[in-house]
Amino acid sequence: MPDLITAILPLVFTFALGVVLRAWRVFAAQDADILLKLFFYLCLPALILISVSTMHLRPSLLFLPGLSAAIILITFVIGKGIAPILDLPRTTLGVFYIGILVMNGGFTFPYVLSAYGAEGMALASLFDFGTGLMVFTFVYYLACRHGQSGSNHRQLLTKFLLSPPLLSLIVALTLNVTHTALPSLIINWFTLLSNMTTPVVMLALGIAFRPHLVRLGSLASVIVLRMGLGFVLAQLCVHLMGIDGMMRHIVVMMASAPSGVNTLAFATMEGLDKEFAAAVVSYTTLVGMIWFPFYLSLAV
C-alpha cells in the first residue's frame, strides 16, 4: 500500500495544483481547453503510436480487448434505454454517452502497476487496447454525431476519419502487425511527447474542475452506469469465463474506472456540454480515488 500511495499522490497533487492555479487566477477555465487540445492533437497520438506499435499481442490474451469492447457496447445499450428518461439536450446527451462509455485506463494504470507490477500492466494495456479501439471509433463518432458536425454527415465522416488519435491507432496497428520498428529518433521524440500526457491531463482536469453539482440526476446516472454497471458487468464476465487471480482483479478495475479525460476532450473538440463534461470527469475521478484503494485493500 505505501507504493500505491506513492504512485497515486503525484496525480492528486497535480490535479490539486490545477485547482489552486485557477483559484489564484493564474489560469482561467477556458485555459483547460488549450491543454485538452494539446492532449488530443499531440500527446495522445504520440502515446498511441509508442504503446500500440510495440505491444505484444499474444493470441491467448486477445479476448481481453474483445471483453472491453463488449462491456462498452452493453453499457451503451443500457444507457440508450435510460437516456429518454433523462430528457437531455443533444449536446448534453452526447456527453452522457461518452461519460458512461470511456474507461479511464490512464487513471487505473498506477494502481495496477503498484499492486501487480509489469505483468499486471501488460494485461491492463491489452484490455485498454480494446477500450482505445472503441473510444476512437464508435465513441468519437457519437461525439461528432451529437456535436457541431452532427447535422452535416459529410463533415461528420471527414472529421471522424481524420481525427489524430484514430489515424495514430491505424498507423500503430500497421506497424505492430508488420513488425516494423520506428527509428530511434522518432521513438525518443514521441516518448517525450507522450510523457507530457499525465501532467497535461491532470492540470487540465484541475483547471476545469467545478465543485458545484451540474444536472445532479444525470451526473449520478453517469457515475452509476460508468463505475457501478462496469463493476457488475466485469464480475459477470469473469465469472462466466472462469477468470480468476490477478487477471480477474485487473478486468474488474479497468471496467469500473472513472470516466476518461476524453469525455472532456471530445466535448471541447465537438462543441458539446463542457460544463457537464467537466462535472462528469471531476466527480467520477473523485469517486475513483476512494474506490480503487478500497478495492485493492480487499483484493491484494
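- Atoms CG and CE, from L126 and M247 in turn, are 9.0 Å apart once rounded to the nearest 0.5 Å.
- Counting heavy atoms from C-beta on, the side chains of M103 and T108 never come closer than 4.5 Å.
- P258 places a side-chain heavy atom less than 4.5 Å from the side chain of F292.
- A continuous path of Ile, Leu, Val, Met, Phe, Trp and Tyr side chains, each step under 4.5 Å between heavy atoms, connects L73 with I98, placing both in one hydrophobic cluster.
- When all heavy atoms are compared, the tightest approach of A46 to L193 is CB-CB, 3.8 Å.
- To the nearest 0.5 Å, atom CD of residue Q30 and atom OG1 of residue T268 are 11.5 Å apart.
- Only one option out of I50, L49, L192 pairs with I187 in a side chain to side chain contact (heavy atoms under 4.5 Å, CB included); it is I50.
- Put simply, I290 and L296 are part of two different groups of oily side chains (I, L, V, M, F, W, Y) that touch within less than 4.5 Å, one to the next.
- In this structure, the side chain of S194 engages the main chain of T191 through a donor-acceptor pair within 3.5 Å.
- Here the closest heavy-atom approach between residue R226 and residue A257 is recorded as NH1-O, 2.7 Å.
- Note that CG of D33 and CZ of F40 are 13.5 Å apart. Values are rounded to the nearest 0.5 Å.
- Between F276 and T91, every side-chain heavy-atom pair lies at or beyond the 4.5 Å cut-off.
- Between V135 and N262, the closest heavy-atom pair is CG1-ND2, 4.0 Å.
- In plain terms, the two heavy atoms of H146 and L272 that are nearest each other are O-CD2, 3.3 Å.
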Start with the C-alpha gap between F129 and L173, add the side-chain angles, then the distance that decides, and say whether side-chain contact (heavy atoms from CB on, under 4.5 Å) holds. CA-CA 11 Å; F129 177 71; L173 282 172; 3.2 Å; yes
Could you go through the side-chain contact (heavy atoms from CB on, under 4.5 Å) check for T174 and T180 one step at a time? CA-CA 8 Å; T174 302; T180 303; over 6 Å; no
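- How far CZ of F190 is from CG of N195: 13.5 Å, rounded to the nearest 0.5 Å.
- Annotation: side chain of F27 is not in contact with side chain of L203 (no heavy-atom distance under 4.5 Å).
- Taking the side chain as every heavy atom from C-beta outward, L264 and F39 never approach each other to under 4.5 Å.
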What verdict does the side-chain contact (heavy atoms from CB on, under 4.5 Å) test give for L67 and M241, after you've listed the backbone C-alpha separation in whole Å, the side-chain angles of each residue and the deciding distance to 0.1 Å? CA-CA 10 Å; L67 188 59; M241 299 177 69; 4.0 Å; yes
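- Taking CZ of R22 as the start and CG of D31 as the end, the distance is 9.5 Å to the nearest 0.5 Å.
- Screening L225, V280, T263, L142 against F96 for a side chain to side chain contact (heavy atoms under 4.5 Å, CB included) leaves a single residue, L225.
- Residues R90 and L93 have side chains not in contact (no heavy-atom distance under 4.5 Å, counting atoms from C-beta outward).
- Counting heavy atoms from C-beta outward, S259 and V222 have side chains that approach closer than 4.5 Å.
- Cluster annotation: I82 and I71 are assigned to the same hydrophobic cluster (Ile/Leu/Val/Met/Phe/Trp/Tyr, side-chain heavy-atom contacts under 4.5 Å, transitive).
- Transitive grouping of hydrophobic side chains (ILVMFWY, heavy atoms separated by less than 4.5 Å) keeps V77 and V139 in distinct clusters.
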Please walk me through it: do M254 and L64 pass side-chain contact (heavy atoms from CB on, under 4.5 Å)? CA-CA 11 Å; M254 295 294 290; L64 284 173; over 6 Å; no
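- Between the side chain of R145 and the main chain of Y140, no donor-acceptor pair closer than 3.5 Å is present.
- The shortest distance between side-chain heavy atoms of I250 and F127 does not fall below 4.5 Å.
- Between H249 and Y116, the ring planes are parallel. Angles under 30° get that label, and only those over 60° would be called perpendicular.
- Here the side chain of N188 pairs a donor or acceptor atom with the backbone of S184 at under 3.5 angstrom.
- Between the S68 side chain and the T131 main chain, a donor and an acceptor come within less than 3.5 Å of each other.
- The hydrophobic clustering, which links ILVMFWY residues whose side-chain heavy atoms are closer than 4.5 Å, places I186 and V171 together.
- With rounding to the nearest 0.5 angstrom, the CD1 atom of I100 is 13.0 Å from the CD1 atom of I223.
- Minimum interatomic distance between S218 and L88 (heavy atoms only, all atoms of both residues): OG-CD2, 3.2 Å.
- Heavy atoms only, all atoms of each residue included: L35 and V200 are closest at O-CG1, 3.3 Å.
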